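Please read the structure below before turning to the comments.
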Amino acid sequence: MADGVNFLRAVTLIYLRYNSKEEFRKRGSLMGRKVVIVGGVAGGASTATRLRRLDEKAAIVLIERGREISYANCGLPYYIGGVIEEREKLFVQSPEALKRRFNITVKTRTEVTRIDREQKIIHLKDLQTGKEEFESYDLLVLATGSKPIMPRIPGIDSPRVFTLRNIKDTDRIKQFIEMNQIQSAVIVGGGFIGLEMMENCNHLGINTTLIERTDQVLNNLDYEMVAPVHRKIRERGVNLILSNGVIGINETERGLEVALEDGTVLNTDLVIMAVGVKPETDLAVAAGLDIGVTGAIKVNDRFQTSDPHIYAVGDAVEVCNIITNQKFWTPLAGPANRQGRLLADILAGREVSYSGVQGTAIVRVFDLDAASTGLNEKTLRSLNIEYLTSITHSNSHATYYPGAKPLTIKLLYRPENGLLLGAQVVGGEGVDKRIDILASAIRFKRTVYDLTELELAYAPQFSSAKDPVNIAGYVATNILDQITATVNWEQFMDRIRSSETMIIDVREPGELRAGKIAGAVNIPLDQIRNRMGEIPKDKEVLIYCQVGQRGYIASRILRQNGYLNVKNLSGGYKTFKLVQNELQENEKKLIKL
């Protein structure tokens with residue numbers, strides 16, 4: 001009798017805690033329901049393991065087309081290049097370990113050929129034996145990822161042409177290089193995979209050419225920010241070909257001939273296609289699930305597809321951009337892992353939802369790091385969003401402490417309130433720290449004014465008393481508060497020959513030997529007060545120095561002495577020269593292998 005009373009009391013307390021039977025049902029365990037997950041890498045494996053930690057009763061089945069699960073996609077190029085020496089280090093979990101620790105049934109080398117939504121059954125094919133079978137589900141998760149884009153050009157099916165998506169591709173490329181004593185390689189595509197493969201081929205001593213059809217690599221960066229990346233690639237001996245595409249590949253006795261749009265023909269031993277990826281949606285399309293405007297699987301903020309029993313995460317899904325609230329597709333490992341974890345919470349009955357992505361990314365190109373978060377200028381222009389920009393050049397840490405490296409930060413923000421829209425950082429050290437700070441600011445909807453208030457860790461080995469992020473905030477707020485006015489490199493080039501404009505170089509005469517802008521009058525900063533008679537008040541005055549700081553001081557002196565139309569070159573001569581060199585480089589005749 002006492003046991004019965006205690007049981008009723010416990011049930012009553014639980015009922016009161018969750019307010020209603022409906023809330024209790026939502027928050028309850030899966031109670032033995034069967035969850036089948038298709039895809040065993042970032043999103044799929046994260047969903048499976050988190051779900052088990054939350055729910056011991058659920059039956060979880062993980063199905064993977066490849067031999068391996070839960071491996072480090074981002075490390076594949078570095079294993080090919082020998083930077084990562086041991087293949088086993090690429091693997092986070094094995095099917096056996098997943099079974100032992102998490103009691104998850106894993107089926108590798110198994111392809112899902114069809115989804116029967118009415119019967120809640122998926123059709124499977126064992127890729128080793130060819131045997132076909134079925135698997136029922138209560139809830140189905142699609143984590144099918146993305147697949148390489150293969151342009152329809154002659155010769156693309158050659159055995160010397162490779163893509164890099166998974167471990168199988170990695171092994172094929174590495175084995176081919178080692179067994180055939182590869183001397184030259186052509187990498188097609190200037191995105192993350194293309195750049196990483198370029199660097200690793202170069203690391204192996206392979207004569208490498210990188211081809212990008214647009215006028216720049218890394219389309220997440222703006223042109224002036226990617227210019228130092230182009231310079232670094234060329235400095236390391238890579239033949240960088242921009243604004244040119246591949247139209248055909250022909251096998252010869254010596255290897256391959258790669259024909260380009262401008263008539264150039266490159267001779268090479270192998271080609272790696274890295275022109276981009278697209279969401280793997282074949283299963284979803286065949287099952288009649290809704291596809292979004294980006295071409296990825298359409299899901300709500302709880303990763304539910306148009307079928308309430310089917311969910312999707314990772315590279316295969318369309319999500320929301322947190323800045324624009326528009327539909328967005330971004331194939332990045334970080335978001336895929338976080339989505340998997342959050343979906344597990346949802347499947348376990350937790351009342352959570354996904355706020356969206358902002359596209360934070362970083363890549364190392366030899367010893368130069370380049371990162372971005374949020375929106376760049378190209379995207380803002382395409383969306384007709386008004387914005388301001390500022391560029392600052394700082395050092396990674398205090399210059400009096402050995403080893404400080406240059407660091408460039410570009411901010412993009414709203415003109416009415418300084419709300420951060422995007423940021424880009426390029427440099428030799430400390431890029432990751434600064435982009436993470438800026439990504440956090442964007443995530444929590446902060447402004448450039450907030451950047452000036454950040455109290456960041458300082459010691460001379462790590463930063464300066466005014467961190468580069470603080471400096472970037474100071475410059476941006478000066479622009480917003482109309483303490484100074486700036487022009488970017490494009491605006492500067494448009495006005496450089498105008499008779500209505502005077503250009504003043506405020507650097508010291510000795511600095512001009514390393515380069516100057518034609519037509520500029522050299523008035524060093526410390527002389528500007530005594531030489532104001534040389535500066536007309538009825539013209540626009542454009543000022544520049546090496547990085548922008550002295551130009552700002554000169555503009556303040558002039559503005560307070562009645563010169564109202566004074567503007568400082570954002571990023572200074574350093575940014576302008578990088579862009580100029582890049583524009584001139586692209587006009588040169590392409591080097592042929």
Side-chain angles (χ1 to χ4, degrees), residues 222-225 227-228 231 377 388-395 399 406-411 426 471-472 474-587:
D222 290 319
Y223 193 77
E224 71 274 21
M225 296 297 287
R231 182 177 66 179
E377 284 202 65
L388 292 173
T389 70
S390 56
I391 294 176
T392 51
H393 298 286
S394 303
N395 286 294
T399 54
L407 195 69
T408 301
I409 297 178
K410 179 175 182 177
L411 300 181
V426 177
I471 297 294
Y474 295 147
V475 170
T477 55
N478 280 341
I479 294 170
L480 282 173
D481 294 340
Q482 298 183 5
I483 293 173
T484 187
T486 60
V487 291
N488 61 32
W489 64 269
E490 290 177 288
Q491 295 165 333
F492 195 89
M493 287 177 66
D494 287 341
R495 302 175 193 179
I496 205 167
R497 292 181 177 86
S498 171
S499 60
E500 301 300 315
T501 299
M502 180 179 184
I503 300 173
I504 302 176
D505 185 333
V506 298
R507 297 176 297 166
E508 293 301 312
E511 295 179 75
L512 274 60
R513 288 193 290 269
K516 61 181 181 179
I517 297 173
V521 177
N522 181 219
I523 305 179
L525 173 60
D526 294 341
Q527 299 177 23
I528 201 140
R529 289 185 179 89
N530 297 325
R531 295 177 61 180
M532 286 186 188
E534 301 174 36
I535 306 172
K537 289 188 174 181
D538 59 347
K539 287 188 176 184
E540 178 184 52
V541 179
L542 300 184
I543 298 176
Y544 74 90
C545 62
Q546 187 62 22
V547 298
Q549 184 180 25
R550 284 174 290 175
Y552 163 66
I553 296 171
S555 73
R556 288 300 304 150
I557 293 171
L558 292 177
R559 285 168 67 96
Q560 293 179 85
N561 281 277
Y563 293 85
L564 302 180
N565 195 9
V566 180
K567 297 181 178 68
N568 185 26
L569 175 59
S570 183
Y573 182 73
K574 181 176 181 177
T575 294
F576 185 84
K577 184 62 174 176
L578 278 169
V579 173
Q580 284 292 97
N581 288 346
E582 189 58 36
L583 292 173
Q584 291 170 10
E585 186 73 35
N586 289 340
E587 293 176 359

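What you are looking at is a predicted structure, and each value in this text was computed from that prediction instead of being measured.
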Can you tell me how far the [atom1] atom of [X] sits from the [atom2] atom of [Y], to the nearest 0.5 Å?
X: L569; Y: L542; atom1: CG; atom2: CG; value: 8.0 Å
X: Q546; Y: E511; atom1: CD; atom2: CD; value: 6.0 Å
X: S570; Y: I391; atom1: OG; atom2: CD1; value: 4.5 Å
X: T575; Y: M225; atom1: OG1; atom2: CE; value: 7.5 Å
X: Y223; Y: E582; atom1: OH; atom2: CD; value: 4.5 Å
X: M502; Y: K539; atom1: CE; atom2: NZ; value: 8.0 Å

Is there a side-chain contact between [X] and [Y] (heavy atoms, below 4.5 Å)?
X: I535; Y: I528; result: yes
X: I557; Y: M532; result: yes
X: K516; Y: R507; result: yes
X: V566; Y: I543; result: yes
X: I479; Y: T484; result: yes
X: I553; Y: V506; result: no
X: K410; Y: E224; result: yes
X: I409; Y: S394; result: no

Give the minimum heavy-atom separation between [X] and [Y], together with the two atoms involved.
X: E508; Y: L512; value: O-CD1, 3.4 Å
X: L411; Y: A472; value: CD1-O, 3.5 Å
X: K537; Y: G562; value: CD-O, 4.0 Å
X: I483; Y: Y552; value: CG2-OH, 3.8 Å

Check the pair R231, E585 against side chain to side chain contact (heavy atoms under 4.5 Å, CB included), reporting the backbone distance first and the verdict last. CA-CA 10 Å; R231 182 177 66 179; E585 186 73 35; over 6 Å; no
Could you tell me whether a side-chain N or O of [X] sits under 3.5 Å from a main-chain N or O of [Y], the two making a donor and an acceptor?
X: D505; Y: A520; result: no
X: Q584; Y: N581; result: no
X: N568; Y: G548; result: yes

Of all residues at least two apart in sequence or in a different chain, which pass the side-chain contact (heavy atoms from CB on, under 4.5 Å) check with E534?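 Scan of E534 (side-chain contact (heavy atoms from CB on, under 4.5 Å), adjacent residues dropped) gives I523, R531.
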So with a 6.0 Å cut-off around CD of Q580, is the heavy-atom count from everything else above 12?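 Yes.
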Ring-ring centroid check F576 F492, cutoff 6.0 Å: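 Ring centroids of F576 and F492 are less than 6.0 Å from each other.
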